[in-house]
Amino acid sequence: MNQRTEAGVFDGRDPIYVQIADQIRSDIVAGRLQDGDQVMSTTQYAQTYRINPATAAKAFTELAGDGVLHKQRGIGMFVAEGARERLRSARRESFLADRLTPVVQEARELGMSTDELLNHIRKVAR
């Protein structure tokens, strides 16, 4: 079960329910939550972070709608089978499109060759 206990963790610009959903997604991608793991209940989220239970419920509804979590009636919410791989795949696509492509485009504008760019990537990736 996700045991996050830090107070004041939801201080970003996005709505709290989005931050909760993003944090659960990140925990799954990083392997802190595995397929089949139970996540904190909406009541636990509300008590731990001093938020409205409806806010946590909205995050869980979004994650369930995306197939990241599934509900077992009377027991709680669990990480769906294959959620980690689906989230990692989506993040890889987003990383390439949103982060790497602009870097490559800027490198071209700076007159860098593909080999120069690849050599730097290999050097940094070691």
Distance-only donor-acceptor pairs under 3.5 Å for side chains of residues 106-126, two or more places apart:
residue	atom	partner	partner atom	Å
Ser113	OG	Glu116	N	3.0
Asn119	ND2	Asp115	O	3.2

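- Following chains of ILVMFWY side-chain contacts shorter than 4.5 Å, one can reach Met40 starting from Ile51, so the two form part of one hydrophobic cluster.
- Between Gln38 atom CD and Leu33 atom CG the span is 11.0 Å, to the nearest 0.5 Å.
- A donor-acceptor pair under 3.5 Å is absent between the side-chain atoms of Arg88 and the main chain of Val29, judged by distance alone.
- The stretch residues 90-105 participates, sequence neighbours left out, in these side-chain hydrogen bond (donor to acceptor under 3.5 Å, both in side chains) pairs: Ser26-Arg91, Glu85-Arg92, Ser94-Asp98.
- Separating the CG atom in Leu100 from the CZ atom in Phe95 is a distance of 5.0 Å, to the nearest 0.5 Å.
- Linking ILVMFWY side-chain heavy atoms closer than 4.5 Å, directly or via other members, places Leu87 and Val39 in a single hydrophobic cluster.
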For the pair Ile24 and Tyr45, evaluate side chain to side chain contact (heavy atoms under 4.5 Å, CB included) and give the outcome as yes or no after the intermediate values. CA-CA 12 Å; Ile24 291 172; Tyr45 260 100; 3.5 Å; yes

Donor-acceptor contacts under 3.5 Å from residues 58-82 side chains, at least two apart:
residue	atom	partner	partner atom	Å
Thr61	OG1	Ala57	O	2.9
Glu62	OE2	Arg25	NH2	3.0
Asp66	OD2	Arg25	NH2	2.9

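- Screening residues 12-21 for side-chain hydrogen bond (donor to acceptor under 3.5 Å, both in side chains), with sequence neighbours left out, gives no hits.
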